[in-house]
Amino acid sequence: MPPQTRRSSFPEVVIDRDTESEESSSDDEDVEDEEEEFEADEEATVDLPEETMEEASESKKKGKTPITISLKKFCKVCKKTGHEAGFRGATYIDCPMKPCFLCKMPGHTTMTCPHRVATEYGIVPAPRKNTTNPLEFVFQRQLQPRVPPIKPAHVIPDQVHCAVIRYHSRRVTCLEFHPTNNNILLSGDKKGQLGIWDFGKVHEKTVYGNIHNCILNNMKFNPTNDGSIYAASSDGTISCTDLETGISLSVMNLNPNGWEGPSSWRMLYGLDVNSDKSVVLVADNFGYLYMADIRSNNVMSKPTLIHKKGTKVVGLNCNPLQPDLLLSCGNDHFARIWDMRCLEAGSSLYNLEHKRVVSSAYFSPLTGSKILTTSLDNRIRVWDSIFGNLDSPSREIVHSHDFNRYLTAFRAEWDAKDSSESLVVIGRYISENYDGAALHPIDFINISTGQLVAEVMDPNITTISPVNKLHPREDILASGSSRSLFIWRPKKLDIAQPREEKRILLCEEVSKKRSKKHGDNSDDDSDNDVFRNKDNGLKQKKLPSKSSSYGSRKSRQL
DNA sequence: AGTAAATGGGGCC
DNA sequence: TGGCCCCCCTTTAC
């Protein structure tokens with residue numbers, strides 16, 4: 001089964017040409033000699049077997065000195081022959097020449113990576129490095145495991161309850177549940193649009209398209225008025241939008257003079273609201289923090305450099321219990337803890353070092369005493385106590401979320417309903433073969449042990465789900481995958497479903513396209529596109545978009 | 001169905 | 001520091 005077995009089947013090709021020195025233009029020295037002949041020009045004469053004929057058909061003319069090459073297939077990753085990386089069916093075969101794609105260590109591939117078999121592999125379950133007190137040691141070691149968790153077991157929302165397919169016109173970038181209305185989900189996208197979806201009445205959805213004109217990076221409800229929401233965008237503005245009217249107030253604009261080139265265009269990424277201090281905090285792509293007063297919506301003070309100058313600050317988070325504590329993270333590979341009473345460049349209380357970009361950093365939602373970060377080095381890190389030793393994380397959990405491009409960054413998020421502050425949700429980048437389909441699950445991880453508690457997926461969702469949010473009060477997961485939104489609920493609870501045909505909505509644009517294609521003139525036949533759900537689980541019926549992406553993935557295999 | 005493009009981070013000079 | 005090139009499991013439109 002290893003790729004090497006394919007070696008024998010590579011077609012042999014003979015190419016004629018006058019001299020080899022003439023155009024072997026020195027650039028690729030690491031390429032093996034055989035592959036170089038791929039560049040064979042029209043001078044060459046070739047004897048080709050079967051399927052490679054077209055490549056050389058035009059070159060069968062002038063008789064020149066024949067050289068023999070083999071048109072070996074080569075690995076698209078390392079460009080060497082003898083193996084091939086890529087999908088084989090629904091399973092991805094790694095390039096053996098590279099370090100493990102998952103844990104980044106050399107010597108094995110993702111397929112045999114111990115972290116793939118068990119997420120808790122190599123995780124220290126109860127680090128003792130923070131204390132030298134023997135009493136505490138005894139407590140932690142012997143008594144604490146016997147203290148029953150207040151919440152008996154994690155309830156996992158593992159079944160798609162309803163969805164809006166292709167709701168946004170660009171990929172979803174952030175999600176937020178309404179603080180008081182349990183059925184309202186807000187979503188932001190790459191175009192800057194703000195979606196408001198009442199998933200209780202599935203079909204009730206709105207998209208406000210004129211608030212921002214590029215990527216909506218983060219949003220947070222106004223603590224003094226849950227009918228309005230603050231959002232930070234790469235257009236350099238913070239908006240405060242009334243959800244009823246869609247009327248938006250621009251609280252801050254960092255590019256008042258418009259576009260003056262990329263070196264001056266400021267983009268806003270991290271955003272949080274500190275209700276105790278009544279401020280909205282935002283951070284930009286040059287390392288600066290800004291604040292605005294919620295009551296007056298006026299910009300306060302001057303910006304503070306909180307990360308390496310010129311680097312993006314992608315996340316801000318206020319401590320839920322200690323209003324003076326602020327956590328930031330960004331592209332300078334650090335998460336930093338700040339005291340808001342003395343905010344100035346270089347005055348951070350702690351700097352939590354990472355190997356790569358830190359996509360998110362959050363205080364635990366109830367006690368605020370733990371910190372959870374997601375970094376592009378494929379590790380989730382946990383600091384068990386902000387009052388303890390912050391020199392190194394308590395645990396590093398290997399998890400696949402280092403993405404190439406074109407996706408919203410993955411962020412591990414807490415379950416605010418879990419009183420033990422140990423359950424976390426995060427989407428997975430690499431796929432797993434589930435019944436012959438390559439699916440990207442959403443992982444629930446116990447960060448106390450590193451254990452994978454659950455991986456949820458649906459055969460209809462073939463795209464990656466980087467954006468996930470757990471409901472603050474109910475056992476509901478909202479996920480954003482590409483342009484679509486999904487609401488997940490626990491299978492066991494057997495909650496009354498919305499009317500079947502209303503469960504999965506398809507956006508107009510797509511249903512129109514389909515009607516045209518099928519020569520269908522009825523406009524509101526979107527029920528035809530609804531995934532029918534008999535008994536449990538969605539059926540395998542696929543949307544055109546889905547099946548095409550699925551097909552293209554398949555076609556990529558060799 | 002096959003392909004190009006969008007576009008972010010990292011490393012190197 | 002800035003420009004350039006590379007890059008491993010994408011998604012979408014044409």
Side-chain angles (χ1 to χ4, degrees), chain A residues 3 27-28 30 54 74-80 83-104 109-111 113 116 165-166 168-173 189-191 214-215 217 234 261-263 267 269 285-286 308-312 314 330-333 354-359 375-378 399-410 427-434 437-441 457 461-467 480-484 507 509-510 513 517 543-558:
Chain A
D27 38 358
D28 272 0
D30 58 334
E54 66 278 12
F74 60 93
C75 174
K76 64 181 180 185
V77 176
C78 70
K79 312 287 189 291
K80 292 204 163 58
H83 64 271
E84 288 170 60
F87 273 101
R88 188 161 309 170
T91 309
Y92 191 92
I93 308 294
D94 268 4
C95 169
M97 311 304 280
K98 296 275 180 163
C100 173
F101 184 53
L102 177 54
C103 74
K104 313 293 184 196
T109 62
T110 312
M111 195 68 78
C113 179
R116 184 167 193 164
I165 307 297
R166 295 196 173 202
H168 282 273
S169 57
R170 291 284 182 274
R171 57 166 221 253
V172 173
T173 53
D189 72 18
K190 193 175 159 282
K191 211 178 172 186
C214 61
I215 189 165
N217 291 305
S234 289
S263 57
M267 305 189 248
Y269 284 85
N285 57 326
F286 294 123
K308 185 180 172 185
K309 198 169 186 179
T311 65
K312 215 193 266 181
V314 292
N331 283 16
D332 66 352
H333 301 194
H354 294 69
K355 291 205 187 67
R356 279 188 61 195
V357 164
V358 190
S359 318
S375 170
L376 249 50
D377 65 356
N378 267 354
H399 179 264
S400 169
H401 50 259
D402 172 19
F403 59 103
N404 201 7
R405 263 185 297 187
Y406 321 123
L407 290 177
T408 306
F410 292 82
R428 196 191 302 174
Y429 181 55
I430 56 172
S431 61
E432 206 64 65
N433 184 346
Y434 298 96
L439 302 178
H440 308 266
M457 82 288 290
I461 308 174
T462 55
T463 47
I464 295 172
S465 307
V467 192
S481 192
S482 184
R483 297 155 52 180
S484 307
C507 281
E509 159 197 2
V510 184
K513 244 185 209 169
K517 206 169 171 182
L543 291 171
S545 59
K546 297 268 177 56
S547 22
S548 70
S549 81
Y550 195 63
S552 70
R553 164 162 293 173
K554 271 191 164 164
S555 70
R556 221 173 288 146
Q557 81 194 52
L558 297 154

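Here is how names work: the chains are called A, B, and so on, in the same order as the sequence lines, proteins then strands, and each is numbered from 1. The shown structure was predicted, so the numbers you read here are calculated from the model rather than taken from an experiment.
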Figure out the NZ/P separation between A:Lys76 and C:dC6, and round it to whole Å.
18 Å
Sequence neighbours excluded, which residues qualify as side-chain contact (heavy atoms from CB on, under 4.5 Å) partners of A:Tyr434?
A:Arg428, A:Glu432, A:Leu439, A:Pro441, A:Glu455, A:Met457
Identify, with sequence neighbours excluded, every residue that meets ring-ring contact (aromatic ring centres under 6.0 Å, His included) alongside A:Phe410.
none
Can you list everything that forms a side-chain hydrogen bond (donor to acceptor under 3.5 Å, both in side chains) with A:Thr91? Sequence neighbours excluded, please.
A:Asn433
Separation of atom NZ in A:Lys98 from atom P in C:dC9, rounded to whole Å:
12 Å
By centroid distance (under 5.5 Å) and plane angle (under 30°), are A:Tyr92 and C:dC8 in a stacked arrangement?
no
Using heavy-atom distances to pick each residue's nearest nucleotide on DNA chain C, tell me which of A:Cys95 and A:Lys309 is more 5'.
A:Lys309
What does A:Tyr429 touch in the nucleic acid at a heavy-atom separation under 4.0 angstrom: a base, only the sugar-phosphate, or nothing?
sugar-phosphate
Under 4.0 Å between a side-chain N/O of A:Arg483 and OP1 or OP2 of C:dA13, yes or no?
yes
Sorted by chain and residue number, the side-chain contact (heavy atoms from CB on, under 4.5 Å) partners of A:Val357 (sequence neighbours excluded) come out as A:Asn331, A:His333, A:Leu376
Checking A:Met97 now: which residues fulfil side-chain contact (heavy atoms from CB on, under 4.5 Å) with it, not counting sequence neighbours?
A:Cys78, A:Lys80, A:His83, A:Cys95
Could you summarise the pairing of DNA chain C as dot-bracket text, marking Watson-Crick and G-U pairs under 3.5 Å with ( ) or [ ] inside the strand and | across strands?
.||||||..|||||
Listed partners of A:Asn217 passing side-chain contact (heavy atoms from CB on, under 4.5 Å), at least two apart
A:Ile215, A:Ser234, A:Tyr269
Of A:Lys308 and A:Val77, the one whose nearest nucleotide on DNA chain C sits closer to the 5' end is A:Lys308
Side chains of A:Leu407 and A:Ile464 in contact at under 4.5 Å (non-hydrogen atoms):
yes
Give me the distance, rounded to whole Å, that separates C:dC9 from B:dG11 when you measure between the C1' atoms they each carry.
23 Å
Sequence neighbours excluded, which residues qualify as salt bridge (charged side-chain N to carboxylate O under 4.0 Å, His left out) partners of A:Arg356?
A:Asp402
Indicate for each nucleotide in nucleotides 8-13 of chain B, in 5' to 3' sequence, whether protein heavy atoms under 4.0 Å reach the base (B), only the sugar-phosphate (S), or nothing (-).
BSS---
